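Just so it is clear, the values below take in all heavy atoms, side chains as well, and ignore hydrogens, waters and symmetry mates. Order of appearance sets the numbers: ligands from 1, and atoms from 1 within every ligand. Every value quoted in this text rests on a predicted model; they were computed, and no experiment measured them. We count residues from 1, following the sequence as given.
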Amino acid sequence: MSPSAAELLSPLFLVAIISIIVVHMVVCYLVLDMIDQQVDSNDEISRMDAYDSGLSVKELQGISCFYLEGQANSSMCVICLDSLCEAGLCRSFPPCNHVFHAQCLDPWLAKKTTCPTCRTPLRP
Ligand SMILES: [Zn+2]
Ligand SMILES: [Zn+2]
């Protein structure tokens with residue numbers, strides 16, 4: 001036997017409906033709040049990325065390139081741990097003059113702006 005309309009509208013039934021609606025609203029509010037916080041922290045991460053996102057092509061071109069070929073140089077590139085004598089094209093890091101292969105330093109500087117050897121920042 002199905003319940004009649006009068007039974008459906010009984011106070012107990014209304015209280016049940018209202019509490020379901022209230023619980024639903026609270027859950028929605030909490031979920032939206034969580035999403036808001038996630039968006040906030042994503043913003044923070046992208047701000048940090050923008051701050052230390054490596055060099056632009058223009059800045060990279062401002063770093064001098066030179067050949068070490070023929071020079072007596074026993075130092076090595078700390079990025080690939082190979083000798084700089086064999087290297088061909090090299091770059092020195094302007095603030096501290098540490099020398100690396102250009103082919104090793106370029107991808108490094110695309111991600112970071114600190115010296116791979118001594119961590120001196122390129123930007124003051
Ligand atoms: Zn190298
Ligand atoms: Zn250095």
Side-chain angles (χ1 to χ4, degrees):
M1 206 171 86
S2 59
S4 67
E7 276 173 315
L8 281 175
L9 291 173
S10 69
L12 196 65
F13 187 76
L14 283 175
V15 167
I17 295 273
I18 288 167
S19 36
I20 288 170
I21 292 171
V22 168
V23 167
H24 182 78
M25 279 166 63
V26 168
V27 168
C28 282
Y29 177 79
L30 289 176
V31 168
L32 285 176
D33 205 44
M34 261 167 55
I35 291 170
D36 264 5
Q37 281 173 7
Q38 276 175 359
V39 168
D40 278 357
S41 57
N42 279 346
D43 271 3
E44 209 146 293
I45 289 167
S46 54
R47 270 200 298 274
M48 282 167 66
D49 278 356
Y51 178 72
D52 192 16
S53 60
L55 294 192
S56 65
V57 175
K58 204 177 164 193
E59 283 175 299
L60 202 58
Q61 284 167 348
I63 299 178
S64 57
C65 276
F66 54 91
Y67 287 93
L68 278 181
E69 264 177 331
Q71 291 183 32
N73 195 323
S74 59
S75 55
M76 65 179 195
C77 167
V78 299
I79 300 173
C80 67
L81 303 179
D82 211 347
S83 166
L84 285 168
C85 299
E86 323 278 314
L89 197 59
C90 294
R91 274 189 209 276
S92 74
F93 203 72
C96 56
N97 290 319
H98 281 123
V99 179
F100 312 94
H101 299 132
Q103 63 182 37
C104 299
L105 191 60
D106 288 4
W108 173 277
L109 289 178
K111 289 181 185 156
K112 292 179 184 292
T113 55
T114 53
C115 172
T117 302
C118 65
R119 311 219 172 256
T120 300
L122 184 62
R123 294 168 180 148

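- Restricting His98 to its N/O/S atoms, the shortest distance to the Zn ion (ligand 2) is reached by ND1.
- Listed here is the closest heavy atom pair of Pro116 and Val78: CB-CG2, 3.9 Å.
- Between SG of Cys104 and SG of Cys80, the angle at the Zn ion (ligand 1) works out to 110°, rounded to 10 degrees.
- Sorting the N, O or S atoms of His101 by how far they are from the Zn ion (ligand 1) puts ND1 first.
- Between Thr113 and Pro121 the shortest side-chain heavy-atom distance does not fall below 4.5 Å.
- Taking CZ from Arg119 and NE2 from His98, the interatomic distance works out to 12.0 Å, rounded to the nearest 0.5 Å.
- Put simply, the side chain of Phe100 does not reach to within 4.5 Å of the side chain of Cys80, judged on heavy atoms.
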